[in-house]
Chemist: 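Following this message is one structure expressed as structure tokens.
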Amino acid sequence: ALFGADGKVGSALGPALERAGHEVHGIELGDAIEVTGLDAAVDFTAPDAGAANVRAALEQGVPCIVGTTGFELELLGELAKERGLALFHAPNFAIGAVLMMRFSAEAAQFMPRAEIVELHNEAKKDAPSGTARATAALIGGDPVIHSVRLPGLVAHQEVIFGGEGQTLTIRHDTSSREAFVPGVLLALERLPSLPPGLTVGLETLLS
């Protein structure tokens, strides 16, 4: 099941999933959520819709992969655990973005002063982004996050570290939503082996 199949991410993800051999059942806002018997549900929608989609899928016995940010997943993680289902969430499914976060966490050990600038299309409703919040948590020290929402952008983030006489910038740019496809395919591959309940972060699948 692909929630948001006609959306910006879904329209790129659906054909890629089919090319990889998956049978895709697209579900849009207002459609009946009937997913019983499917192997997995993938949600790339909006915060207000994502929570209801994931809950419905879990209640029908279907494990979920969630790329939507801006809503709390902890209670849904408890529901997944009760049902013996995996619930996987990544704030960013682009492998380059995960590496950007990993390198930022390493740099913060030596240059603790940092600020984050995240830039997304104006249609993105949550600010700061889930990727920026996750990066800030990895860096520590409560870095300032600057959020930019403008047309023409897809998903971009830079982490700027400052020290005496020097700066270090670590930046990742997503120019096309096809960048999320390898991460989603990896999550689908690993989903059956994940423990019941909530697992967060594409990095947990890359280690």
Side-chain angles (χ1 to χ4, degrees), residues 1-17 22 24-33 35 38-60 62-80 85-95 97-98 101 118-137 145 147 149 153-157 172 174 176-188 190-191 194 197-205:
L2 178 57
F3 293 105
D6 292 338
K8 288 184 172 65
V9 176
S11 58
L13 185 56
L17 290 173
H22 296 283
V24 178
H25 174 58
I27 302 175
E28 291 303 318
L29 185 65
D31 291 347
I33 301 177
V35 297
L38 299 186
D39 294 323
V42 179
D43 187 275
F44 279 88
T45 57
D48 52 351
N53 294 339
V54 173
R55 177 172 293 278
L58 293 173
E59 289 176 345
Q60 295 179 47
V62 178
C64 296
I65 294 170
V66 183
T68 308
T69 59
F71 67 96
E72 296 298 326
L73 279 164
E74 283 74 12
L75 290 177
L76 292 170
E78 293 177 9
L79 174 61
L85 300 169
L87 172 59
F88 179 79
H89 168 65
N92 198 314
F93 278 85
I95 291 173
V98 174
M101 295 165 65
E118 58 94 354
L119 310 92
H120 285 81
N121 186 272
E122 61 185 350
K124 184 171 179 61
K125 296 181 179 178
D126 57 314
S129 69
T131 301
R133 291 195 302 270
T135 305
I145 300 174
S147 297
R149 298 290 179 268
L153 297 170
V154 179
H156 317 263
Q157 179 172 293
H172 177 260
T174 301
S176 166
R177 291 169 179 86
E178 278 77 8
F180 305 137
V181 171
V184 175
L185 290 174
L186 176 63
L188 281 168
R190 297 288 299 277
L191 193 63
L194 294 179
L198 179 62
T199 300
V200 177
L202 196 63
E203 65 276 7
T204 63
L205 308 184

Chemist: Report the distance from atom NE2 of His156 to atom NE2 of His172, rounding to the nearest 0.5 Å.
Modeler: 10.0 Å
Chemist: What residues form a side-chain contact (heavy atoms from CB on, under 4.5 Å) with Ala90, not counting sequence neighbours?
Modeler: Phe88, Phe93, Leu202
Chemist: For Phe180, enumerate each residue passing the ring-ring contact (aromatic ring centres under 6.0 Å, His included) test, keeping only those at least two apart in sequence or located in another chain.
Modeler: none
Chemist: Starting at CG of Leu2, measure out to CD1 of Ile65 and round the result to the nearest 0.5 Å.
Modeler: 10.5 Å
Chemist: Rounded to the nearest 0.5 Å, how far apart are CG of Leu194 and CG of Leu205?
Modeler: 6.0 Å
Chemist: Excluding sequence neighbours, so at least two apart, what forms side-chain contact (heavy atoms from CB on, under 4.5 Å) with Ala51?
Modeler: Phe71
Chemist: First locate atom CD1 of Ile145, then atom CD of Gln157, and finally report the distance between them rounded to the nearest 0.5 Å.
Modeler: 8.0 Å
Chemist: Quick check: are there more than 12 heavy atoms from other residues, nucleotides or ligands sitting under 6.0 Å from CG of Asp48?
Modeler: yes
Chemist: Please give me the minimum heavy-atom distance between Leu85 and Leu58, naming the atom from each residue.
Modeler: CD1-O, 3.5 Å
Chemist: Identify, with sequence neighbours excluded, every residue that meets side-chain contact (heavy atoms from CB on, under 4.5 Å) alongside Asn121.
Modeler: Lys8, Ala123, Arg177
Chemist: Is any side-chain heavy atom of Val54 closer than 4.5 Å to one of Thr68?
Modeler: no
Chemist: Heavy atoms only: give me the nearest Ser11-Pro15 pair and the separation to one decimal.
Modeler: O-CD, 3.1 Å
Chemist: Just jot down the salt bridge (charged side-chain N to carboxylate O under 4.0 Å, His left out) partners of Arg149, sequence neighbours excluded, or say none.
Modeler: Glu118
Chemist: Can you find a pair of side-chain heavy atoms, one from Val181 and one from Leu13, that are under 4.5 Å apart?
Modeler: yes
Chemist: Please round to the nearest 0.5 Å and tell me the distance separating atom CG of Asn53 and atom CG of Asp43.
Modeler: 4.5 Å
Chemist: Could you list the residues that satisfy side-chain contact (heavy atoms from CB on, under 4.5 Å) with Asp126, not counting sequence neighbours?
Modeler: Thr69, Lys124, Arg133
